[in-house]
Amino acid sequence: MAIDLLVIGGGINGCGIARDAAGRGLAVTLCEQDDLANHTSSASTKLIHGGLRYLEYREFRLVREALIERERLLGMAPHIIWPLRFVLPHEPGLRPAWMIRLGLFLYDHLGGRKRLPASTGLRLAGSGFGAPLKPTITRGFAYSDCWVEDSRLVVLNAMDAAARGARILTRTRFLSAERVDGLWQARIEHRATGDIETVSARMLVNAAGPWVSRILNTDIGIDSGKSVRLIKGSHIVVPRLYDGDHAYILQNPDRRIVFTIPYEQHFTLIGTTDVPHEATPGPVTISDEETRYLCDSVNRVFTRQLTPADMVWSYSGVRPLYDDATANASAVTRDYVLDLNGAQGEAPLLSVFGGKITTYRRLAEHALEKLAPYIPNATKPWTSGAVLPGGNIPDGDVAQFVTELKRRYKFLPADLARRLVRAYGTRVDSVLGKATSLAALGEDVGGGLTAAEIEYLLTQEWAVTAEDILWRRSKLGLHVPPGTKAALEHYLAGRVRHRALNAV
Ligand SMILES: Cc1cc2nc3c(=O)[nH]c(=O)nc-3n(C[C@H](O)[C@H](O)[C@H](O)COP(=O)(O)OP(=O)(O)OC[C@H]3O[C@@H](n4cnc5c(N)ncnc54)[C@H](O)[C@@H]3O)c2cc1C
């Protein structure tokens, strides 16, 4: 039996499209070669933002769409998306104040801002916002955007797609596809077993991020005339640089900007860089030069001086930007292009070039719009405002929900209650079940990561390895004591042995 849609890629765009399509009643399969969000979609700056700096490149369409999405997404998943205030220190000699004021005016008004506060000018000298900065910096501006747990957003989209009937296959690689009698015949490989499966699908979506051109040109053999520019971006994490919940947006003399963002309670996230990536897509790591660049960006503005030795963690990702032939890596468009291939009567192939986490929901709607002529009884867009799993927190009030959880599960330490609500929202009950004591949550492999939570992640969220659990389903990797990874691997191996024995 042919399915309606095969989606290649379990990053934010593939999962967003799978969710939207499944919700319209289509029979959907998604294949991801690694873990969900294994690549770019877990390596972002984690901002749901209009992209203030894109105004300089006159990307008004993108900024407007992103600003509108900002408040929509905030309502759809308040447990993993929250407002973040940004302070922009003003330095004479860089962008003039009038230009920043104009940019912020547009930013406030382009996208129907309702819930987030407006931008303002700031006197930094003698204020809390100015305290960690060099005393020569006396003025600045403040504006708002949102924070997102990027890899969890991907997983929540996959969960919702599955709840609406989609088949989500992780660790399953797309190998090739050809058009036969009006259908796609695609070969996918289940990597755990090496089994090859042929999937018949009426439509194919190529949302392979950095691999989009490779899938098109090599695996399917189509030259769309479009391609991606791969630009590496890296972040460093250091012990908390300053007090307060606000972020800073720092302007560099090279006209690039770098963010410092409060991260995981005890840390500050600093990024990002823009480095052309000429190699084939795959895992990437930060270079010494990028680390120094990020430290230097902070050291220009903050009194506290960083060295690479302060770094406790770093991560890098490759942006799959639509190649608009711009020379400067920072100036390449951050907008997306959807390429539809297929003459009349042929099975369609839709490829996604570029895109932001922020605009994934709208991108998915556009993708379904493009495919609509091939879908009999195509239904209307439905995802605007449809909450993601765990996001139906009353009034979006996460703090109140934590208090409520503590009332029901009195044994939960406050930090654990907060962490679980931030991760799972109203789904937290599926993690905690009927437990009446911490012991009832089973073995604690370290840092409050219990068997109950591990089982939830394995059975509900496609986690398989310790890395999936510690770095993509959570950021526990930053917090847990030494030995936790080994204990978790031991737990996972025991489970695999147990299942193998039961299967005999
Ligand atoms: C440094 C950096 C900072 C960023 N900051 C932000 C930000 O703050 N806000 C924002 O909105 N956006 C940001 N972005 C952009 C955003 O992260 C990306 O646009 C987005 O994650 C791309 O998602 P994707 O699904 O297209 O690609 P990916 O997440 O890479 O997903 C593609 C998936 O396809 C899979 N795949 C490839 N080949 C195959 C195959 N043969 N078979 C099966 N699966 C396959 C890959 O394994 C991969 O998981 C940032 C990006 C970077 C790199």
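Whatever order the structure lists ligands and atoms in, that order sets their numbers, starting from 1.
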Would you check whether [X] has a nitrogen or oxygen atom less than 3.5 angstrom from a nitrogen or oxygen atom of ligand 1?
| X | value |
| --- | --- |
| Gly317 | no |
| Ser44 | no |
| Asn13 | yes |
| Asp35 | no |
| Gln33 | yes |
| Gly14 | no |
| Asn38 | no |
| Phe174 | yes |

Test item, [X] contacting ligand 1 (heavy atom, 4.0 angstrom):
| X | value |
| --- | --- |
| Val352 | no |
| Thr172 | yes |
| Arg334 | no |
| His49 | yes |

With Lys475, which residues qualify under salt bridge (charged side-chain N to carboxylate O under 4.0 Å, His left out), at least two apart?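 Applying salt bridge (charged side-chain N to carboxylate O under 4.0 Å, His left out) to Lys475 gives none.
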Identify the protein heavy atom lying closest to atom 48 (C) of ligand 1, giving its residue, its atom name and the separation to 0.1 Å.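 Its nearest protein heavy-atom neighbour is Glu32 OE1, 3.4 Å.
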Looking only at protein heavy atoms, which one is nearest to atom 2 (C) of ligand 1, and how far off is it?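 Sorting protein heavy atoms by distance from atom 2 (C) of ligand 1 puts Ala43 O, 3.7 Å first.
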Of the listed options Ser41, Ser316, Gly209, Gly11, closest to atom 22 (C) of ligand 1 (non-hydrogen atoms):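 Nearest option to atom 22 (C) of ligand 1, by heavy atoms: Ser41.
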Check ion pair Arg173-Asp219 (N to O, under 4.0 angstrom):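 Salt bridge: no.
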Short N-O contact, Arg240 and Asp310, less than 4.0 angstrom: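 A salt bridge is absent here (no side-chain N lies under 4.0 Å from a carboxylate O).
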Location of contacts on Thr272 toward ligand 1, heavy atoms closer than 4.0 Å: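 Side chain only.
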One residue to check: Leu36. Relative to ligand 1, which of side chain, backbone, both or neither has a non-hydrogen atom less than 4.0 Å away?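 Neither; nothing of Leu36 gets under 4.0 Å from ligand 1.
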Can you find a side-chain donor-acceptor pair between Thr45 and His235 that sits under 3.5 Å?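 Judged by distance alone, the side chains do pair up.
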Gap separating the CZ atom of Arg292 from the OG1 atom of Thr307, nearest 0.5 angstrom: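 Between Arg292 CZ and Thr307 OG1, I get 12.0 Å after rounding to 0.5 Å.
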The single option from Phe259, Tyr143, Tyr242 passing ring-ring contact (aromatic ring centres under 6.0 Å, His included) against Tyr248: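 Of all the options given, the one that passes is Tyr242.
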Please report the shortest heavy-atom distance between Phe105 and His109, naming the atom on each side.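 Looking at all heavy atoms of both residues, the shortest contact is O-ND1, 2.8 Å.
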Considering the heavy atoms of His39, write down every atom of ligand 1 situated less than 4.0 Å from one of them.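 Once the distances to His39 are compared, the set is 30 (O), 46 (C), 47 (O), 48 (C), 49 (O).
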